[in-house]
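Read through the structure below, which is laid out as structure tokens, and then see the notes.
Chain naming here is simple, since letters A, B, ... match the order of the sequence lines and numbering starts at 1 in each.
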Protein chains: 2
Amino acid sequence: MTTDSTNVTRRQGSDTKTEILDVALSLFVTKGYHPTSMQDIAEAAGLTKGGLYYYLKSKDEVLYLLHDRFIMEGLSWLRKVEEEVNDPEKKLVKLLKTHLAIIDQYKDDITLFFEAMKYLSQEKRQEVKSKRDDYEKIFIKAIEEGRNQGVFSIASSEIAVLYILGAGNFMYTWYKPEGKKTIEELADIFIGMIMNGLVK
Amino acid sequence: MTTDSTNVTRRQGSDTKTEILDVALSLFVTKGYHPTSMQDIAEAAGLTKGGLYYYLKSKDEVLYLLHDRFIMEGLSWLRKVEEEVNDPEKKLVKLLKTHLAIIDQYKDDITLFFEAMKYLSQEKRQEVKSKRDDYEKIFIKAIEEGRNQGVFSIASSEIAVLYILGAGNFMYTWYKPEGKKTIEELADIFIGMIMNGLVK
DNA sequence: TGACAAACATACCATCTAGTCGGTATTATT
DNA sequence: AATAATACCGACTAGATGGTATGTTTGTCA
């Protein structure tokens with residue numbers, strides 16, 4: 001394993017509850033959250049609705065568990081990088097590569113995350129948002145460090161992160177793992193743009 | 001009016017059908033497309049459901065009309081810029097400013113655009129996507145011109161545009177017109193990042 | 001072998017929703 | 001004044017949906 005690879009891979013669960021969450025995720029992403037019924041989920045999981053409710057309290061809970069599971073895993077990948085790398089520029093590059101690798105590995109999860117977070121209850125939504133803020137703060141911190149050491153030049157690191165993550169996040173709308181460019185090639189183009197811009 | 005301002009302002013309709021579309025848009029964005037019932041829309045428009053169906057054939061049609069009206073207006077703003085400016089770098093800058101001004105002026109429209117396009121029928125969705133491609137092509141063309149003239153350095157103008165527009169588009173998730181930074185200030189930071197990157 | 005809990009299935013309910021249809025008031029036209 | 005089109009209202013329906021309550025089977029362990 002080289003220092004550059006991100007090593008991000010999706011967990012492999014196998015118990016019934018995890019399987020239900022996985023098929024629910026797939027259905028939510030293809031059909032949408034509301035157009036997917038608990039009946040649909042049950043069938044796709046090889047259960048009846050009654051059986052489904054043995055494992056999960058409500059449709060809300062399914063949505064929440066999917067959000068929570070994703071953001072927790074995403075955060076844990078980023079935190080690993082944060083500890084490993086010290087140099088701010090190198091750290092930012094590796095954080096970005098990891099972020100794009102997460103988009104690659106967790107495409108459905110992130111799609112749901114951006115499309116259906118608004119359907120969480122106020123309370124749960126706050127909980128998830130707070131963890132998403134932690135995710136962003138890791139990037140902000142890296143950029144602040146770079147700015148303090150004089151390697152980055154930017155008016156506001158908060159805005160810079162919104163800009164950078166926005167560009168990456170939006171990939172979930174067009175990125176296809178089987179497409180022309182691999183995620184690593186895309187990452188290189190992105191990082192080039194972020195670091196040096198478009199102008200020669 | 002200076003050459004730099006974008007002059008993008010939202011149209012002001014006033015007939016009943018337009019009013020219905022406006023309240024529907026507002027409800028779709030705050031509550032979501034499916035959780036908003038035709039009953040809700042009728043009430044918000046000061047009608048009964050029967051009255052609502054006098055103006056609109058179906059809920060699908062409401063969704064389509066909102067998408068179409070937005071993308072057509074957005075396209076027309078961009079095309080104006082395309083004609084006005086010749087220099088590639090200046091053109092790209094003005095296109096970007098216009099894009100952000102559109103996000104500012106059409107925040108709800110663009111939110112629905114990204115959240116609910118998947119709920120259009122296959123046919124209508126293709127129609128809308130095709131116009132969205134035209135929108136992107138305007139940017140691609142500007143970057144290609146700049147690359148041919150040797151002012152831009154980028155591996156793929158398509159990817160560059162996905163990157164650039166992605167960063168802008170994602171603003172719809174966090175931008176608030178009443179927030180700390182005006183859209184012009186944000187535009188300046190964004191354009192700085194896009195043109196010259198983060199590194200000193 | 002009997003008891004008991006885990007892992008489901010079946011049948012059901014109350015509620016909500018998009019859409020329809022016949023009717024009516026109002027305004028414009030001839 | 002008669003006709004007709006416009007702009008609605010009120011009541012209704014058929015289907016779908018989240019969730020529940022009550023079984024039934026299967027495995028485990030004393």
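Nucleic acid contact class of A:Leu47 (heavy atoms, under 4.0 Å, all strands): sugar-phosphate only.
Put simply, OH on A:Tyr53 is 13 Å from C1' on C:dC13, counting in whole angstrom units. Here the C1' atom of nucleotide D:dG18 and the OH atom of A:Tyr119 are 17 Å apart, to the nearest Å. Taking atom CD on B:Gln39 and atom C1' on C:dG19, their separation rounds to 12 Å, with Å as the unit. The distance between atom CD1 of A:Ile20 and atom C1' of C:dA7, rounded to the nearest whole Å, is 11 Å. Rounded to an integer number of Å, the gap from B:His34 NE2 to D:dG18 P is 12 Å. For the pair A:Glu43 CD and C:dT10 C1', the computed distance is 14 Å after rounding to whole Å. C:dC16 atom P lies 12 Å from atom NZ of B:Lys31, rounded to whole Å. Between the CG atom of B:Leu52 and the C1' atom of C:dC21 there is a distance of 16 Å, rounded to whole Å.
Distance from the side chain of A:Met38 is smallest for D:dG18 among the nucleotides D:dG18, C:dA18, C:dA7. Closest to the side chain of A:Thr48, from the set C:dT17, C:dA9, D:dT20, is C:dA9. Counting only heavy atoms from C-beta on, A:Thr16 has its side chain closest to C:dC8 among D:dC8, D:dG19, C:dC8.
In this structure, the ring of B:Phe170 has its center less than 6.0 angstrom from the ring center of A:Phe114.
No donor-acceptor contact under 3.5 angstrom links the side chains of A:Asp108 and A:Thr111, judged on distance only. Residues B:Asp133 and B:Ser130 have side chains that never bring a donor and an acceptor to within less than 3.5 angstrom of each other. Using a 3.5 Å distance cut-off with no hydrogens or angles, the side chains of B:His99 and B:Tyr135 do pair a donor with an acceptor.
Both tests do not hold together for A:Lys118 against A:Tyr33: distance to the six-membered ring centre under 6.0 Å, angle to the ring axis within 45°.
Projected onto DNA chain D by closest heavy-atom contact, A:Gly50 and A:Tyr33 fall at different nucleotides, the more 5' of which corresponds to A:Tyr33.
A donor-acceptor contact under 3.5 Å is not formed by the side chain of B:Lys49 with the base of D:dG10.
Put simply, A:Tyr55 has no side-chain N or O that comes within less than 4.0 Å of OP1 or OP2 on C:dA6. For A:Tyr54 and C:dC8, the shortest distance from a side-chain N or O to OP1 or OP2 is not below 4.0 Å.
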